[in-house]
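Data first, discussion second: the structure below is written as structure tokens.
Worth knowing before you read on, the calculation uses all heavy atoms, side chains too, and leaves out hydrogens, waters and symmetry mates. Index from 1, following the sequence. Note that this is a predicted model, so its numbers are computed, not measured.
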Amino acid sequence: MTHPFRAAIEAGDIEAAVGLLADDVVFHSPVAFKPYAGRAAVATILRTVLTVFEDFRYVREIGADGAADHALVFEARIGDKQLTGCDFIHVDADGRIDDFMVMVRPLRGVQALAEAMGSRLATS
């Protein structure tokens, strides 16, 4: 069974994806040392990253139905840089995502992500 967050992203429904976040969600970025806290901050990050990633697609989902933890493996491109990443999500007792960590490889992909996100978030 597909996790609702994955289904929302694959459907291009960012509002449904944001609706799955807990008010106090904590987001661990692959390019920032300090985590981001709160639905509003994480919503901004999600909306922005969807403008940065090209050819984004989930390729694997790890986690049992009803489990609190899921890993969503994805592939994407930023310009000519291909990257692979994973969204590690944890849901609380209400089924809302309360912890969201993203890891990306290889280093050139992480660098392209940091540059693209930095330039977009600096202007918003």
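Under the side-chain contact (heavy atoms from CB on, under 4.5 Å) criterion, Asp92 pairs with Ala22, Asp94, Arg96, Asp98, sequence neighbours left out. Phe27 pairs by the ring-ring contact (aromatic ring centres under 6.0 Å, His included) definition with Phe100, not counting sequence neighbours. The ring-ring contact (aromatic ring centres under 6.0 Å, His included) check on Phe53 picks up Phe56, Phe74, with sequence neighbours excluded. Taking Arg57 as the reference, Glu75 meet the side-chain hydrogen bond (donor to acceptor under 3.5 Å, both in side chains) condition, with sequence neighbours excluded. With sequence neighbours left out, Arg108 forms a side-chain hydrogen bond (donor to acceptor under 3.5 Å, both in side chains) with no residue at all. When the side-chain hydrogen bond (donor to acceptor under 3.5 Å, both in side chains) test is applied to Asp55, the partners found at least two apart in sequence or on another chain are Arg77. Among residues two or more places apart in sequence or in another chain, the side-chain contact (heavy atoms from CB on, under 4.5 Å) test is passed with Ala71 by Ile62, Cys86, Phe88. A search for side-chain contact (heavy atoms from CB on, under 4.5 Å) contacts involving Pro4 returns Leu20, not counting sequence neighbours. In this structure, the side-chain hydrogen bond (donor to acceptor under 3.5 Å, both in side chains) partners of Glu10, at least two apart in sequence or on a different chain, are Arg6. Residues meeting the side-chain contact (heavy atoms from CB on, under 4.5 Å) test with Ala68, sequence neighbours left out: His90, Val91.
Residue pairs satisfying the salt bridge (Lys or Arg N to Asp or Glu O under 4.0 Å) criterion with at least one member in residues 38-52, sequence neighbours excluded, are listed as follows: Glu15-Arg47, Asp23-Arg39. Judged as a side chain to side chain donor-acceptor pair (under 3.5 Å), the pairs with a partner in residues 26-36 (not counting sequence neighbours) are, in order, His28-Asp99.
Hydrophobic cluster membership differs between Ile78 and Met103, with clusters built from Ile, Leu, Val, Met, Phe, Trp and Tyr side chains linked at under 4.5 angstrom. Linking ILVMFWY side-chain heavy atoms closer than 4.5 Å, directly or via other members, places Phe5 and Val73 in two distinct hydrophobic clusters. Under the 4.5 Å side-chain heavy-atom criterion for ILVMFWY residues, no single connected hydrophobic cluster contains both Met101 and Val18. When the side chains of ILVMFWY residues are joined at heavy-atom separations under 4.5 Å, either directly or via intervening members, Ile89 and Val26 end up in two distinct hydrophobic clusters.
Counting non-hydrogen atoms of other residues, nucleotides and ligands closer than 6.0 Å to CD of Glu61 gives a total above 12.
Of all non-hydrogen atoms in Leu83 and Pro106, the two that sit nearest each other are CA-CD, 4.2 Å. In plain terms, the two heavy atoms of Ala43 and Leu21 that are nearest each other are N-CD1, 4.4 Å.
Ile97 has its side chain out of reach of Val42: every pair of non-hydrogen atoms, C-beta onward, lies at least 4.5 Å apart. Within the 4.5 Å cutoff, the side chain of Val49 has no heavy atoms near those of the Arg120 side chain.
Rounding to the nearest 0.5 Å gives a distance of 8.0 Å between CG of Asp87 and CD1 of Ile9. The NE2 atom of His3 lies 7.0 Å from the CG atom of Leu72; values are rounded to the nearest 0.5 Å.
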